[in-house]
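Reviewing the structure listed below.
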Amino acid sequence: MPIHSSPSSWILETRKAAYALGLNPAGLLTHRYWGARLPYVEDYPSPFNPVHWASTDGPHHFVPEEYPGYAGTKYVDPTLKVTFADAVRDVVLEFQDFTVTGSPQPELALRLTDSVYPLQVTLHYRLHEELDLIERWVTLENLSDQPILVERAFSAKWTLPQGDDYSLTHMYGRHIDEFRMKRESLTPGLKIVESRRLIPSHRAAPWFAVDRNASEESGEVWFGTLAWSGNFKITAEVTEFASTRVSIGVNDWDFAWKLMPGEPLVTPSALSGYTQNGFGAASRLFHDYVRDVVIPHGKVPHKVLYNSWEATFFNVDEASQSKLAEIAAQMGVELFVMDDGWFHKRNRDNAGLGDWFPDAVKFPNGLGSLIQKVNDLGMQFGLWVEPEMVNPDSDLYRAHPDWVIHFPTRARTESRNQLILNLARVDVQDFIIATLDTLLSENNIAFIKWDMNRGVSEPGWQDAPGDPRELWVRYVQGLYRVWGTLRERHPNVIWQSCASGGGRPDFGILRFADQVWISDNTEATARLHIQEGYSQFLPANTMEAWVTDWGRDLVPLEFRFHVSMCGTLGVGGNLLQWDQAERKLAADRIRLYKEIREVIQFGDQYRLISAQKNEYSAVQYVSKDKSESVLFVFRTYIRDPFNLPMIYLRGLEAEARYTVEGMEGARSGKAWMEVGLKVPLLNLHSKVLRIQRVRTS
Ligand code: GLA
């Protein structure tokens with residue numbers, strides 16, 4: 001059993017890492033250790049004892065409490081903040097008991113209660129032993145008959161080994177420039193990474209990594225994420241006593257939750273891991289977890305799709321789509337997706353959202369005849385929807401103006417001419433379930449791109465049964481209910497999560513969607529950066545990437561293909577304008593992709609030379625059995641063509657021999673990894689090289 005427990009001590013061990021906590025002599029539940037797994041149970045340090053310092057700081061500033069509520073002289077960043085019915089505004093948690101269960105995964109639950117009030121807080125730990133990760137969440141229960149107002153309830157706090165010399169890596173960005181990485185020293189005080197937009201947003205991502213001098217390949221990295229598709233908050237605190245702590249949870253900004261008796265509040269899961277092998281290893285642990293545990297179809301290779309958006313925008317009709325479909329099929333595309341513009345009165349972005357039935361002018365015969373055509377061409381059919389939204393110019397809004405998120409006395413700020421339906425409301429959820437269920441039941445649809453194209457404004461909820469600020473959480477729960485119900489009813493449909501590109505990429509949404517449309521930026525050289533950032537926490541099979549016409553005059557088609565082949569390949573250019581040579585090249589790359597896609601989608605990814613930091617970059621994928629590998633190399637711009645860097649392969653079996661396409665001879669895996677190889681390229685050129693283990697028998 002990887003959980004070692006005694007009445008006051010708990011040690012959680014995964015394959016290579018360990019996490020320990022326990023009661024200190026004062027009875028406080030404190031953190032003890034997070035790092036490499038140690039040989040003996042006695043090796044793990046004892047819990048800290050409170051030390052009195054001075055009247056200016058409480059003992060908690062020394063004691064790394066596991067789940068500190070705001071109370072007493074605790075000025076550290078708390079994980080829990082509540083107001084009781086009698087206006088008492090702090091919480092004093094005392095340990096009560098624990099349970100350990102073993103199946104299907106080892107789990108530890110520690111039960112704490114307030115010393116005076118009937119508030120119960122259970123800390124949950126689930127071990128993903130082989131995947132080397134620990135999942136944590138918290139359940140709050142009100143055992144009284146009076147409501148308790150919860151103002152912050154994070155999912156986890158982690159304490160790093162004593163010291164204040166850490167760096168935090170996190171994401172920042174904006175629309176069409178998502179997943180930029182920032183690594184910065186943590187200094188005394190509080191660093192916050194958060195979203196206030198209802199979705200995780202392009203501006204940040206619910207992921208962090210903390211290190212002390214780690215590189216891509218070596219060094220200690222402590223990392224985590226929140227499986228949540230709404231507002232989140234990461235706080236990284238360095239105390240005045242050189243203790244570094246990171247917390248993650250639902251954002252408490254503008255948040256409140258009226259905790260009612262008998263209605264527990266369960267926080268989203270936080271996943272965390274530890275590795276001594278750098279940022280690359282941290283990413284690979286998360287990649288395996290997402291493929292094995294999170295996404296619905298983790299073992300099914302994704303099809304090469306065509307998406308019509310950049311070719312036809314809103315001008316879709318049966319004729320235009322049929323023409324595109326014919327060419328796509330000839331090139332080897334397997335799934336044809338019609339994007340925005342197909343539904344009632346949708347000629348621009350100012351009308352139609354909410355009325356999810358085919359536009360009678362564009363599709364006089366419904367969708368059936370186009371779908372049949374696409375199927376006859378040997379492809380599956382997919383469709384774009386944006387179910388959380390409504391245009392004021394729609395039948396739905398005219399019938400239910402009160403269904404949108406709004407404050408009654410304020411103007412309803414439109415963004416892209418649309419408003420957000422309040423998915424916290426059960427009637428709204430039921431409407432979306434019924435509408436999409438009909439669409440999916442009446443049509444042979446294999447794939448849905450689910451979009452969400454604006455951030456929230458005027459976050460009011462008139463008839464909220466609890467505190468209106470519960471909207472932030474209940475909206476996301478409503479979304480999960482809708483999506484979950486549809487997934488259950490249509491289990492074979494593949495869903496893609498899009499929010500103007502990469503605004504909602506997280507371990508929460510990926511329980512429903514198998515893929516993310518990671519950016520509306522399809523210019524290939526920019527995309528290299530975005531894709532690398534995304535790969536920090538999400539695997540290649542979840543990353544949809546189209547080859548489009550963006551940068552067509554400058555960037556060779558082959559380069560654009562190779563960039564998209566690093567994820568789940570799609571095509572999104574206007575095929576009517578592609579000449580025979582372009583179509584032939586496309587067909588050739590699609591054929592190659594089909595041969596290597598399982599290595600890319602399911603293999604281990606190694607970022608050999610970073611695209612965010614270099615103009616010459618390389619990324620490699622290695623199949624789990626190490627028999628096959630694929631290397632992509634890109635040169636955007638380098639002045640000195642004679643001084644291109646060596647590429648050192650990774651992940652191969654040291655003693656086995658491998659051939660690398662275009663290179664002479666078979667060499668040992670170790671030689672390719674230690675001696676390296678050179679891949680000469682001109683500016684704006686790229687190569688994909690297949691690497692194969694030589695069979696010995
Ligand atoms: C968003 C998406 C695009 C496209 C448009 C359609 O911007 O990110 O890919 O689907 O909406 O309106």
Side-chain angles (χ1 to χ4, degrees), residues 173-179 197-203 205 229 305-317 320-321 324 335-356 358-359 362 381-394 414-421 436 439 445 447-455 494-506 509 513 515-524 526-527 530-531 534 542-550 560 564 567-574:
R174 58 180 168 79
H175 179 233
I176 67 168
D177 193 11
E178 296 91 336
F179 306 112
R197 301 181 186 213
L198 193 61
I199 54 174
S201 90
H202 309 76
R203 187 169 176 258
S229 312
L305 67 73
Y306 177 78
N307 179 292
S308 67
W309 175 241
E310 291 192 28
T312 43
F313 292 101
F314 298 100
N315 296 326
V316 298
D317 58 20
S320 74
Q321 300 305 293
L324 289 168
L335 166 65
F336 182 87
V337 183
M338 177 160 65
D339 210 281
D340 200 350
W342 61 269
F343 46 97
H344 186 53
K345 300 239 169 94
R346 183 70 165 174
N347 297 315
R348 273 184 46 203
D349 65 11
N350 63 349
L353 291 174
D355 300 340
W356 298 109
D359 183 72
K362 295 176 181 179
F381 181 80
L383 199 61
W384 178 96
V385 291
E386 196 180 358
E388 295 153 80
M389 296 292 156
V390 67
N391 287 115
D393 185 1
S394 66
E414 290 177 26
S415 191
R416 212 192 190 212
N417 302 305
Q418 61 199 55
L419 298 166
I420 306 180
L421 292 171
L436 291 196
L439 196 62
I445 294 173
F447 178 98
I448 290 276
K449 175 177 172 187
W450 182 308
D451 211 339
M452 199 291 188
N453 277 317
R454 62 160 293 184
I494 300 285
W495 303 79
Q496 183 180 84
S497 165
C498 171
S500 304
R504 195 160 57 186
D506 58 80
I509 213 76
Q515 298 182 354
V516 178
W517 174 237
I518 72 162
S519 183
D520 276 348
N521 188 341
T522 56
E523 192 283 299
R527 189 98 189 175
I530 298 170
Q531 294 187 173
Y534 180 86
T542 66
M543 185 179 83
E544 176 66 34
W546 316 331
V547 179
T548 70
D549 298 330
W550 198 339
R560 287 181 274 141
S564 294
T568 287
L569 175 65
V571 179
N574 188 348

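Just follow the structure's listing: the first ligand is 1, and inside any ligand the first atom is 1. Excluded from the calculations below are hydrogen atoms, water molecules and symmetry mates; all remaining heavy atoms, backbone and side chain alike, are included.
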So does Asp359 pair up with Arg346, basic N to acidic O under 4.0 Å?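 Result for this pair is no, no salt bridge flagged.
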Ring centroid separation Phe447 to Trp384 under 6.0 Å: no
Anything under 30° is parallel, anything over 60° is perpendicular, the rest tilted; go ahead and classify Tyr306 against Phe336. parallel
Is the Phe179 ring parallel, tilted or perpendicular to the Tyr534 ring (thresholds 30°, 60°)?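 Aromatic pair Phe179/Tyr534 classed perpendicular.
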Inventory of protein N or O atoms under 3.5 Å from ligand 1 N or O:
unit_1: ligand 1; atom_1: 7 (O); unit_2: Asp520; atom_2: OD2; d: 3.0
unit_1: ligand 1; atom_1: 8 (O); unit_2: Gly501; atom_2: N; d: 3.2
unit_1: ligand 1; atom_1: 8 (O); unit_2: Asp520; atom_2: OD1; d: 2.5
unit_1: ligand 1; atom_1: 8 (O); unit_2: Asp520; atom_2: OD2; d: 3.0
unit_1: ligand 1; atom_1: 9 (O); unit_2: Lys449; atom_2: NZ; d: 2.7
unit_1: ligand 1; atom_1: 9 (O); unit_2: Trp517; atom_2: NE1; d: 3.4
unit_1: ligand 1; atom_1: 9 (O); unit_2: Asp520; atom_2: OD1; d: 3.3
unit_1: ligand 1; atom_1: 10 (O); unit_2: Asp339; atom_2: OD1; d: 2.7
unit_1: ligand 1; atom_1: 10 (O); unit_2: Asp339; atom_2: OD2; d: 3.3
unit_1: ligand 1; atom_1: 10 (O); unit_2: Trp384; atom_2: NE1; d: 3.0
unit_1: ligand 1; atom_1: 10 (O); unit_2: Lys449; atom_2: NZ; d: 2.9
unit_1: ligand 1; atom_1: 10 (O); unit_2: Asp451; atom_2: OD2; d: 3.4
unit_1: ligand 1; atom_1: 11 (O); unit_2: Asp451; atom_2: OD2; d: 2.9
unit_1: ligand 1; atom_1: 11 (O); unit_2: Asn453; atom_2: ND2; d: 3.3
unit_1: ligand 1; atom_1: 12 (O); unit_2: Asp340; atom_2: OD2; d: 2.6
unit_1: ligand 1; atom_1: 12 (O); unit_2: Arg416; atom_2: NH1; d: 3.0
unit_1: ligand 1; atom_1: 12 (O); unit_2: Arg416; atom_2: NH2; d: 2.9

Donor on one side chain, acceptor on other, Asp393 and Asn391, under 3.5 Å: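 Side-chain D/A pair, Asp393 to Asn391: absent.
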With sequence neighbours left out, write down each residue that passes salt bridge (charged side-chain N to carboxylate O under 4.0 Å, His left out) with Glu388, or none if nothing qualifies.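 With neighbours one apart ignored, the set is Arg504.
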